[in-house]
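Notes to accompany the following structure.
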There are 2 protein chains.
Amino acid sequence: MTAIKTTVRIKRAPAERRAQFLDCAQALFFTRGYDAATVNDIIERAGLSKGAFYHYFDSKEALLDALTERVAAQIVADAEAVLEDPALDALSRLNAFLEQGRQWKIERAPALKSAYTAVLRADNVMLNQRLIDATARVVLPVLTDIVREGVREGLFHPPSPEMVAEILLQMSHARMSVAVEAMARAAAGDLDGAVALLESRLADESAVVERLLGVAPGSVRLVEPGFLRAMLAALS
Amino acid sequence: MTAIKTTVRIKRAPAERRAQFLDCAQALFFTRGYDAATVNDIIERAGLSKGAFYHYFDSKEALLDALTERVAAQIVADAEAVLEDPALDALSRLNAFLEQGRQWKIERAPALKSAYTAVLRADNVMLNQRLIDATARVVLPVLTDIVREGVREGLFHPPSPEMVAEILLQMSHARMSVAVEAMARAAAGDLDGAVALLESRLADESAVVERLLGVAPGSVRLVEPGFLRAMLAALS
DNA sequence: CCCTAGTAGACCGACGGTCGGTCTGCTATC
DNA sequence: GATAGCAGACCGACCGTCGGTCTACTAGGG
């Protein structure tokens, strides 16, 4: 009846296929957004079928979970060296961890702008929330440990280590919208304004963290001289 | 062919109809969730038609916006007396504002439990985010003003008034999940554990705020003796 | 040692059901 | 009779399902 279409079939290692779907989904989710990117879009980009998709993932949402999980796992993997180094005291470890984050941003600078704006779009809350949750699950324990370590070492004097770690993380999430605003300004030609905006935000954050940890001003390095300008210039 | 059904038509003031939709949607969104509650569910509950729905709202999302806007507006309206009272200094105003929040919770205690759990469900991120955004838009300026006022009065010494206000708000949002956990414990019979959990959380938050504002411990009243126990007992 | 029947599971794509949204036209009111 | 308010049949897009196909591998007979 219906003509049987014989398509070329290439078989690959399952893990590879999964990754292939995840890669395509990531690209689409971070540009069009989670809702706007349909399963058909994903399979088209992957050059695979509906059947293949649902062979590897129970649902579109399950794919999102797998994706955010992968991102979160990458973060701790990158930071492992810093987190395990026994030579560091708590403050150095915290600063090294923050530096790691800056490094991470430099490496993926090209993708960052579209990712940030995509994630913050009103119709893309799902992706944003899942990313926040997934990263929080892995980063929050790490931060809490560092703060507790600092307390043991007598370096930090926070009212509550857990709350301070939580606030540190929340501030970095809230910072995204400021970063988007800054990138917009930079794109509009106002590089100085953009730098100033983010710099003052980060200065405020630093002051808050230092106050909470009970350390001297300037101890916590949220911002590195020149970093913001280089970053914002590269992104516009 | 199909028999024409003549339904009784009741004419009402447009604002009233709008409110009717909003009421029904609110009830459904806070129980089933935003995605799960379909437009058909809403119009069925309201006893009205698709045509009526799309006569008053451009889309389902527009309805959500209107709903969150209404909630946010209610919050400032309730708090206006406290916010305008010129007799209060900044610390008293802050405490009065927090007390107002507690009062608000007592009044709507019956709906709170289901609302909290519904809002925090993974598949209900949209509702949660819109509520947070809408309330932030109205509450953040208010909090920032109070903190700035305290600085002028020489009562507060924050590293950054804006950041402190932001943190205050974020903590209260993050608190929701702790509250849900506490309500679960209370429902499981462990009222003491539930009270202890929330009490320690609020103590930590108070300590953080006091440290940030540079005021004496005990100055900020996030928790009132007996309030938590009464609340949790009523909810389980 | 090769050849082949048998099997697991990777992969296909038409189809179903649901849901947000549109459109035509009726109806009560002025 | 004109018009705003409203009814509900209808549309298209989407997610997820399902019967089935095709490839790679394995086991056992020649």
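A note on names: the letters A, B, ... follow the listed sequences, proteins ahead of strands, and every chain is numbered from 1. Keep in mind that this is a model prediction, so the values were computed, not measured.
Between atom OG of residue A:Ser177 and atom CZ of residue A:Arg201 there is a gap of 7.0 Å, rounded to the nearest 0.5 Å.
Distance CD (B:Glu16) to P (D:dG5): 14 Å, rounded to an integer number of Å. Distance A:Ile43 CD1 to C:dA14 C1': 12 Å, rounded to the nearest Å. The CZ atom of A:Arg17 sits 13 Å away from the P atom of D:dT23 (whole-angstrom rounding). Atom CZ of A:Arg18 is separated from atom P of C:dC11 by 13 Å (rounded to the nearest Å). Going from atom CD1 of A:Ile42 over to atom P of C:dG13 covers 17 Å, rounded to whole Å. Taking atom CE on A:Met126 and atom P on D:dC15, their separation rounds to 14 Å, with Å as the unit.
Annotation for B:Leu22 and B:Ala66: closest pair CD2-CB, 4.0 Å, computed over non-hydrogen atoms. For B:Met126 against B:Leu64, the heavy-atom pair with the smallest separation is CG-CD2, 3.7 Å.
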Heteroatom pairs (N/O) under 3.5 angstrom, protein to nucleotides 19-23 of chain C:
residue	atom	partner	partner atom	Å
C:dG20	OP1	B:Lys60	NZ	2.9
C:dG20	OP2	B:Val39	N	2.9
C:dG21	OP2	B:Tyr54	OH	3.0
C:dG21	OP2	B:Lys60	N	2.7
C:dG21	N7	B:Lys50	NZ	3.0
C:dG21	O6	B:Lys50	NZ	2.4

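The pair A:Arg130-A:Asp65 meets the salt-bridge criterion, since a charged nitrogen lies less than 4.0 angstrom from a carboxylate oxygen.
Using the six-membered ring where Trp is involved, A:Tyr56 and A:Phe21 have ring planes that are tilted, between 30° and 60° apart.
OP1 or OP2 of D:dG5 lies within a sub-4.0 Å distance of a side-chain N or O belonging to B:His55.
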Under 3.5 Å, side-chain donor or acceptor atoms of residues 70-82 of chain A against the rest of the protein: list the pairs with distances, not counting sequence neighbours.
residue	atom	partner	partner atom	Å
A:Arg70	NH1	A:Asp23	OD1	3.1
A:Arg70	NH2	A:Asp23	OD1	3.0
A:Arg70	NH2	A:Gln26	OE1	2.8
A:Gln74	NE2	A:Asp78	OD1	3.0

